[in-house]
Amino acid sequence: MSNELIDFVIVSVALLAIGIYGLAVKRNFIRMLFAVEIVINAANLNLVAFARFLPHSGGQTFALFSIAIAAAEVAVGLALIIVAYRMYKNIDVADFRSLKG
Amino acid sequence: MIELTSTPIIILAILGGVGVALPVINIALKERGSMISYGIATLIALFAAIGYVLYQLALDHVAPAAIFSQDVLVDDAFGSLFAIAMLIVAIFTTVGSFNYMKNKANPSIYFSLILLSAIGMVLVAYATDLVMLFVAWELMSIPTYVLVGFLKKDPISNEAAIKYFLFGALASAIIIYGISLAYGITGSTNIGEVIQGFMVLDANMIPIGLLAVGMFIAGFGFKMGLVPFHMWLPDTYEGAPPTIATLLAAGTKKAGFAAALRVVVMGSVALSLDWTLALGIIAVMTMTVGNIAAVMQKNLARMLAYSSIGHAGYILIGLSIAPFSGIGLQGSLFHILNHAVMKGAAFIAVAGLVTALAVTHVEKLKGLARRMPITSLGLVISLLALAGVPPLSGFWSKLMLFGAAIDAGTVVWWGPWLAIAGVLNSALSLAYYGWIIRKMYFEGEKEKRIKEPKSIIAIMIFSIIFMVTIGVYPEPIIQFTEFATPAINAGLMP
Amino acid sequence: MATEVMATEGEAMYAWLIWILPFIAALIIPAVGKFSKISTGRVAVGFAAMSAISAAVLFPMALEGHEIHSQVDWISAIGLKAGVLADPLSIIMANVVGWISFLIMCYSTGYMKGDKDIVRFWFWMMFFIGSMQLIVLSDNLLQLFFGWEGVGLASYALISFWYRDKAQAHVGKEGRTALGIMEYYSPTHSGMKAFIMTKVGDVMMLAGMFMIFAFAGTFGFKELLADTSWAVNMSAESLLIPAAVLLFGGAVGKSAQFPLNEWLLEAMTGPTAVSALIHAATMVKAGVFLVARLGPLFFALGAAGILADQFFEIIAWVGAITALLLATQGMVNPEIKKVLAYSTGSQIGYMMMALGIAGLSQQFVDGYTAGFFHMISHAMFKASLFMAAGSLLHVVGSRFMTDMGGLRKKMRKTYAFMWAAGLALMGAPFITTGFWSKDAIFAAVYESGNEWALPIFIIAVLTAVITAFYTTRMMGMVFFGKESKHIEKMESEGHHIHEAPRSMWIPYGILAVLTIGIGIIGLSAEENLHHLFEEYLDHSFGIHSSHYIGEDSVLPGFLSGLNPIALGSSLVAFATGFGLGYIFYIGRWVDPAKFINSNIFFYALHKVILNRWYLNALIYWSFVIAPLWASRALWRYFEKTAIDTGMNVGLERAVGWGAKVVQGTQTGVPQSYLYVFGAGLLFVVLILLI
Amino acid sequence: MEYALLQAVFLPLLLSPLAYIIGRKVGHTAATWFTFGLLLYCTVLVITASIDGTYEEHYPWTEIFGEFGLLLDGLAAPFAIMIYVLCTILALYSKPYMLHKFQEFYKEQAPKAVYQSDGTTLESLSEEKFVNRQSGVYYALFLVFAMGMLGTVLATNLIEFYIFFEVMLIPAFLLVGFWGDHPRRRIALMFFFWTHVGAVILLLGLLAIGLNVGSFDFADINEADIPSDVVVAAAVAIIIGLGVKLAAFGFHIWLPYAHGSAPTPISALLSPAMIGIGAYALFRLIVEFLPQTYADLSIWITIWGVATMFYGGAMALMQDDIKRVFAYSSISQMGYLLFGIGSISTLGLAGAEMMYVSHALGKGLLFMSAGILIVQVGTRSLSKLGGLGSKLPITAVCAVIGALTIMGVPPTSGFMGEWMLFYGVLETALEEGNDVRSLMFALGLVATVLTMSYMLWMLKRVFFGKLPENFSKVKEGSWYMLSPMMVLAGFTIVLGIYPDIFLSKIMPYMQGVLGG
Amino acid sequence: MVDTLFLGIAVLTIVSAIAALEMRSLVYGGIALMGTLGGIAGFFILLDSPFVALFQIAVYVGSIAVLILFTIMLVKRELIFQKKEDTKRRYAGIGLMLIVMISLGAVVFNSGISSITTDEPAVDYREIGEDFLIYYWPALVAMALVLAGSVTGAMILARRHDEVEDEVEDEQRTD
């Protein structure tokens with residue numbers, strides 16, 4: 001391996017930060033879903049990178065789990081989007097603020 | 001490899017089997033099955049599960065509070081305690097739903113999701129591997145995302161679900177990230193090995209360990225409703241169907257503590273950090289924000305949601321002083337069990353209100369004592385128990401928590417301050433609980449008694465008996481929690 | 001000869017009965033009253049007589065100098081005992097109280113006839129007598145205090161007996177003010193005033209008692225005397241005089257001495273029988289009795305080298321000031337009962353003066369006897385005067401002397417008896433008890449040899465002049481001159497002014513006659529008393545008298561025991577006072593109103609005196625109005641604002657504000673939430689890293 | 001006499017549902033007599049148990065927090081007896097008073113109950129049924145309240161003590177909230193909130209002590225040696241917590257509201273019996289268990305007591321509502337208790353406890369007469385009252401005896417308490433040569449004059465003076481109300497003349513406490 | 001060298017991540033996200049984990065992203081092109097992002113991770129299978145339940161008509 005572990009981890013941290021940024025700023029539900037996916041992928045990157053450098057199989061296994069679960073999550077998220085869209089004709093999360101205070 | 005007859009596996013089998021079978025049956029019956037029958041099937045499964053937990057406990061097949069194991073799951077008293085609490089909550093939810101789900105679509109899916117979520121909660125408590133923990137965590141969470149948004153025609157429900165989902169997804173991602181870091185520096189996903197790894201960590205790796213612990217706090221703290229990760233919580237609890245709010249407040253929240261205990265506390269101890277103060281600060285923030293925000297809430301469900309934030313703070317007291325006082329963790333466990341019943345009963349009472357009267361607004365509760373005496377009584381008793389008024393069960397666990405905090409004062413200066421913040425907060429909480437009691441009992445004279453849902457009555461009676469009995473004679477539960485409490489310093493080694 | 005005699009059971013029983021009987025009567029009277037209101041009077045008089053007889057039975061013992069000390073367990077948890085101590089002092093006192101009370105009770109059967117609250121009256125009268133006898137006979141301070149407060153309570157109840165506050169039951173003139181304080185008091189107000197003012201003295205007395213108890217560990221008089229180490233200790237910490245003075249404070253309150261004298265005047269709102277009882281037998285005499293009880297005790301400490309001179313000086317001066325202060329006010333007051341009340345205060349001042357001066361002289365027994373003798377004689381003539389005044393009120397229906405006048409023809413008996421008693425009060429020479437007792441006081445003061453003797457003597461003589469004057473004035477205004485418009489109006493309305501009923505005049509007649517009768521043998525009576533007390537003091541307290549006065553007297557014969565200067569002053573004082581009074585009120589040669597207005601000095605003096613030297617007003621301003629203002633200010637600006645609003649509303653608002661702030665952060669926008677989540681993550685990580 | 005105390009404490013609790021049922025099914029009178037009989041039985045149990053000196057019962061409870069015990073010693077016996085005696089007679093007293101109250105409520109509510117918002121007509125509840133229902137609830141709560149108070153003074157374990165301490169609050173809160181006077185809801189909440197805050201602060205102190213000792217049982221704590229830094233903090237927490245209960249100056253604001261608003265039988269329990277339990281706890285927790293700290297803090301307790309005495313008295317002068325006068329008077333009286341507790345002297349402490357007893361008697365009488373005024377006259381504003389002595393003679397006599405008890409005039413029991421506690425303060429002042437204590441003693445004496453002033457003024461404005469014309473038809477109260485008052489009035493005088501009834505228990509205890 | 005490859009993939013990943021969030025059109029954003037996911041898969045290959053990389057491409061790029069794209073297509077055109085977050089929030093977000101990036105980066109960079117390299121061969125992916133079946137099997141079962149739950153849940157939510165509810169609605173309409 002010519003690349004060092006730190007390289008991958010730094011990329012992962014950058015992706016994490018971008019993901020958090022997306023969640024904190026974006027109003028479109030779908031984009032927020034993008035952001036979540038970016039964070040999960042950052043974590044997966046970390047896992048696999050660590051797994052390679054240890055080296056140990058557990059990280060890869062976990063990455064597989066994590067990918068599958070992310071898929072499940074996305075499915076539910078998208079279903080919620082569809083419900084919301086059906087009701088409001090809108091997927092701007094910032095407009096979903098009847099619950100507050 | 002874990003024994004096939006161990007408690008978590010059997011629960012997984014029973015509940016998972018029924019959980020998967022219900023939708024299948026539904027399809028087989030062309031969606032014509034009656035809600036009650038699905039409900040009863042669910043209930044039977046849950047009772048079987050809880051029965052098995054108790055059976056295993058009674059037969060001493062359960063390890064006493066062994067917090068680690070070589071396997072992904074461990075059949076210990078700690079997990080059993082949580083399992084009992086979670087299953088009780090699941091039973092509450094199921095029974096409460098009998099009336100709530102009347103004339104609502106897709107009961108089979110609804111009950112199946114409750115079962116799946118219950119499995120998740122139970123497995124979180126039993127998990128001793130980070131992967132298992134994470135999968136169980138998601139198994140607990142994902143069905144609840146759906147359940148919160150289950151009322152498709154209700155914009156509020158959907159909004160609650162979206163907020164919940166966004167937070168949940170982010171929190172899951174953060175947890176994976178944390179796990180990845182912990183895995184990266186210790187080379188294992190088994191919690192025992194991770195902790196051991198933490199203990200022998202190079203000095204220059206410790207920041208990564210801290211980072212991991214911080215991410216666990218954030219990720220699990222989201223479920224626990226710790227400030228500042230609590231923002232979704234009141235919105236979701238308010239918007240969710242009240243039965244599901246029960247599940248969230250009384251159930252999944254506790255799973256957060258189980259996870260935090262296994263991972264955060266142990267990890268922190270292993271890292272020999274000065275983490276306790278951080279948790280203490282969060283505890284005080286949490287209880288203060290929760291209780292203050294609960295004052296003047298107009299919506300009963302929302303008020304209870306804030307109150308459950310407050311209670312997260314109390315429970316966290318026990319965690320934060322766990323290394324200094326023997327009874328701190330014990331108090332936390334006791335309070336978790338109590339809170340499951342108390343908050344569960346309160347939310348189920350709300351469900352009863354919604355079913356029978358379609359109100360959650362506090363002003364509309366006037367004269368409730370006349371309209372629904374048993375529900376009101378259950379609500380009052382659970383509120384008083386939540387406030388820690390003796391001789392109700394809540395008192396004892398708070399007593400142990402605050403006592404532990406004072407006890408810790410001999411080691412750390414801020415220990416007693418936690419207790420002071422705690423008692424002042426529980427006094428403050430009386431202000432809004434009292435307000436509800438006032439509305440129900442002291443106001444409104446015109447109301448006539450209406451028919452209360454039987455399922456709600458059953459739950460109310462059970463919880464009243466539980467709260468009062470434990471309040472008067474808490475010894476069995478105290479003993480059990482003692483049995484279930486891991487010794488924090490000595491028990492680090494697997 | 002005066003040896004310690006262990007009293008027989010029976011004699012001790014009599015001593016107990018003296019004070020228990022009235023209480024028993026008080027208990028059964030309400031029950032009797034349920035069936036027959038009239039019988040309550042009979043029960044009361046009967047029990048009063050039984051009590052008096054019990055006292056009389058013990059009288060021979062007193063003459064022999066014997067004493068009875070009988071105790072029973074009381075508060076055994078603290079080791080306190082209750083008991084009676086019947087020594088000559090208390091037996092004589094018990095007789096005076098018992099018999100005079102008995103007469104007053106007889107009088108009351110007539111005076112109170114037909115009152116619908118008669119049962120309450122008898123109850124409290126008996127309670128009053130019982131409490132007084134309890135004071136007299138108790139053998140320790142705590143038990144004495146029970147009686148002490150009992151008389152206070154009874155006086156409260158009886159002064160405000162006519163609690164419906166009808167106009168004729170008030171005292172003072174409606175609308176008159178001094179320094180903005182109304183000089184017009186309702187019965188309920190007066191009762192409160194009396195109770196509270198005497199309570200001020202009582203708490204001082206309590207403090208004194210406690211100080212002594214703290215050192216001596218006992219309240220008992222006998223025990224205190226038996227071992228005087230407590231006094232040595234107290235004196236070492238210079239607490240003895242304060243304790244003694246505090247005890248005297250109780251006497252000041254009860255006996256209406258300066259500066260706690262003001263309640264006595266308003267006490268006139270009660271039925272006249274009550275006034276008679278308060279002034280002659282019970283309440284105000286309690287203070288004198290207390291001083292007589294404790295004075296020898298403190299004087300006897302001199303033997304242990306502990307001087308209590310300051311204590312006696314204070315007593316003497318308080319007595320002297322009170323005597324003069326109240327006598328002056330008696331000169332100008334238009335209400336007959338108030339004149340008598342002022343007179344009482346003034347006379348009690350004499351007694352205090354004598355008892356105080358006793359402690360300052362070598363011959364303790366002289367002043368002691370003088371004071372006590374004056375008390376006895378005062379009890380007789382003042383009871384008589386009050387009852388007679390009650391008759392006048394009863395007949396005329398007004399408390400103002402200006403509403404009377406010219407009654408000597410219409411009420412001959414009363415006229416005669418009042419002269420007799422009045423002369424005793426004036427100190428008419430040789431035939432009245434008042435003369436002998438006053439003379440004894442003058443002599444004791446004059447001979448005490450103390451540095452203060454002369455000023456006090458001058459005050460005493462001056463007071464005697466004034467006493468004679470106001471008594472003459474009273475007689476003149478009531479019985480001489482023309483009939484007042486009030487009486488003319490009454491007669492024109494068909495009321496016939498006539499003598500009071502027999503049940504009323506007989507009691508005060510008896511006392512008036514006794515006054516003169518004992519007056520005739522007054523000197524020997526005093527000598528006997530002197531002798532008795534000399535032995536009593538010697539035996540009980542170890543106070544010896546070195547010689548007997550008058551052995552080298554310049555006066556001849558039967559007067560040889562007297563001090564010529566005192567005797568002379570006494571005669572001159574009587575003559576001056578009576579003469580002046582005769583000029584203004586009996587002869588009516590000079591119009592007093594013109595005389596006062598003739599001179600700015602007299603006018604001012606009259607006004608000051610009429611306004612009670614402004615003492616009452618000052619007391620009201622500083623102890624009633626000022627505290628009320630303070631309370632009101634505290635209530636308005638502290639309790640209601642700071643505490644109530646601040647703590648309840650303020651706390652509520654603060655929490656509400658906090659709730660608003662916290663709820664304000666909960667905007668409902670998911671992005672904000674997520675932002676906070678991210679920031680929180682950072683925060684947690686940073687905390688952990690730091 | 002096995003389980004005597006257990007019965008005395010728990011029978012009222014266990015049978016309170018029965019009281020409810022009897023009230024509801026049989027009627028008001030039956031519920032009254034049932035409650036009365038039950039409490040009478042329990043009172044007899046307590047008294048017989050207390051006759052032969054110290055009496056104890058122990059039952060297993062929890063491992064961590066110790067056992068469940070009931071102890072009737074020299075300290076607890078007078079408290080316990082007074083509490084149950086008051087409860088017993090007030091059960092009887094409640095009958096006419098609460099009947100009046102229920103009927104008042106019925107008039108307020110019943111006409112509205114006929115129609116519902118949706119237009120349907122309800123069968124209107126008959127007055128009798130309404131009263132029966134309400135009285136069922138009332139007596140059930142009454143019994144629980146009694147049980148809570150008794151349990152508090154009998155507890156032998158810190159936690160047990162705290163539990164009872166709070167348990168008595170709940171029924172009191174409900175009683176005020178259900179049948180108090182306007183604005184009852186707010187006041188009930190305020191009352192609950194304040195006292196609960198006090199209680200939790202107390203709890204902190206209890207926990208600190210218990211955990212330091214390692215046991216919560218009184219017996220262990222009494223023998224234990226606790227590090228001083230913990231003790232002072234704990235003692236301060238306990239004193240503040242109990243200060244709220246005692247309504248000491250600064251923490252008193254809930255009391256005038258609560259006592260003014262509560263239905264009078266409950267006022268007559270709250271004020272004399274309940275708040276004084278704070279004093280009991282001070283005895284037990286501070287004086288007995290933490291003697292050293294007690295010695296250090298006693299001067300402050302005394303000063304606090306004097307401030308409370310004056311403040312309560314001054315405020316009582318300013319009130320127009322008769323029940324608020326009594327409420328402030330209670331504050332002032334609690335100042336006396338604090339004052340006495342602050343004296344480190346056997347007699348002072350014994351006096352303070354006697355003061356509790358006599359305050360219970362006196363204030364009970366006064367509140368009960370206020371109740372008669374409310375029922376018979378219909379107003380409690382002092383400016384509207386007057387001259388009622390002729391219309392309500394027995395009430396007036398009882399009120400005067402009550403007032404005398406509060407004023408501390410012999411031969412009422414008030415004097416017995418007062419002289420002992422004042423003497424105690426002076427004794428310590430002289431022993432220590434402490435000028436502050438001497439000053440406090442003097443001020444305390446002045447405060448008695450203040451007490452006397454407001455009491456006499458109150459009597460004057462209620463019973464004396466001119467009778468307003470609209471009161472010319474006022475009748476004396478029912479015997480249900482008068483006879484309990486007469487019992488108390490008699491008792492206060494008997495106790496005033498022969499205080500050994502209680503002192504013979506109290507003194508040995510106090511000597512033991514201070515001697516040790 | 002591989003370094004350039006790494007750099008290239010890193011730039012691709014990060015830039016497309018930013019683009020996914022910032023592009024005006026949601027559709028292009030979705031495609032950019034696929035770039036990110038693909039980039040991650042590239043990293044996996046760099047890390048000698050072809051199995052995971054394959055899985056990543058199959059599950060993520062193949063199904064999730066497509067699913068997302070379909071969903072995007074479902075919603076209205078205006079919504080797809082809307083971009084209206086307010087500037088303040090945006091700057092705050094960027095600030096937070098930078099702080100997180102820098103602080104976490106600094107932590108990571110200063111820790112022991114910065115010097116880890118390895119020359120050991122990558123693990124055999126048969127080990128993964130063994131892990132699954134021997135150690136993680138309960139987790140696998142649980143995950144199956146997760147998937148089952150999410151699928152049924154998502155289906156129920158996304159389904160347009162619920163029979164019971166419709167019946168109720170009909171009943172209400174007839175009222």
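With a threshold of 4.5 angstrom between heavy atoms, D/Leu404 approaches chain C through side-chain atoms but not through N, CA, C or O. With a 4.5 Å cut-off on non-hydrogen atoms, C/Tyr156 touches chain D through its side chain but not through its backbone. Heavy atoms of C/Leu239 lying under 4.5 Å from chain D belong exclusively to its side chain. At a 4.5 Å heavy-atom cutoff, the contact between D/Leu317 and chain C is made by side-chain atoms alone. Within the 4.5 angstrom heavy-atom criterion, only side-chain atoms of C/Phe215, from C-beta onward, approach chain D. In this structure, chain C has no heavy atom under 4.5 Å from any part of D/Trp254. Only the side chain of C/Leu153 comes within contact range of chain D, with at least one heavy atom under 4.5 Å from a heavy atom of that chain. With a 4.5 angstrom heavy-atom cutoff, D/Lys460 touches chain C only via side-chain atoms. Neither the backbone nor the side chain of D/Glu431 comes within contact range of chain C; no heavy atoms are under 4.5 Å apart. There is no contact between D/Thr346 and chain C, counting heavy-atom distances below 4.5 Å. Residue contact with chain D, scored on non-hydrogen atoms closer than 4.5 Å, involves the side chain of C/Leu206 exclusively. When heavy atoms are compared at a cutoff of 4.5 Å, D/Tyr423 approaches chain C by way of both its backbone and its side chain. D/Leu347 touches chain C through its side chain: at least one heavy atom from C-beta onward sits under 4.5 Å away, while N, CA, C and O do not. Contact of C/Met204 with chain D is not made at all, since no heavy-atom distance falls under 4.5 Å. Within the 4.5 angstrom heavy-atom criterion, atoms from both the backbone and the side chain of C/Thr188 approach chain D. Contacts between C/Leu80 and chain D at a heavy-atom distance below 4.5 Å involve the side chain alone, from C-beta outward.
Looking only at atom types and distance, the side chain of C/Glu639 has a donor-acceptor partner in the side chain of D/Tyr328 under 3.5 Å away. Residues C/Trp74 and D/Asp500 have side chains that never bring a donor and an acceptor to within less than 3.5 angstrom of each other. A donor-acceptor contact under 3.5 angstrom links the side chains of C/Trp162 and C/Asp115, judged on distance only.
The candidate with the highest count of non-hydrogen atom pairs below 4.5 Å against chain C, out of D/Ser390, D/Ser345, D/Ser453, is D/Ser390. For the set D/Val446, D/Leu450, D/Leu467, D/Leu503, the count of heavy-atom pairs under 4.5 angstrom toward chain C peaks at D/Leu503. Put simply, of C/Asp202, C/Leu651, C/Asp165, the one with the most heavy-atom pairs under 4.5 Å next to chain D is C/Asp165.
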Might you work through the salt bridge (Lys or Arg N to Asp or Glu O under 4.0 Å) test for D/Lys505 and D/Asp73, ending with a clear yes or no?
CA-CA 8 Å; D/Lys505 291 188 185 27; D/Asp73 62 356; over 6 Å; no

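Here D/Phe463 and C/Tyr163 keep their ring centres 6.0 angstrom or further from each other. The distance between the ring centers of D/Phe339 and D/Phe422 falls below 6.0 angstrom.
Between D/Trp419 and D/Phe415, the ring planes lie tilted relative to each other; the angle falls in the 30° to 60° range.
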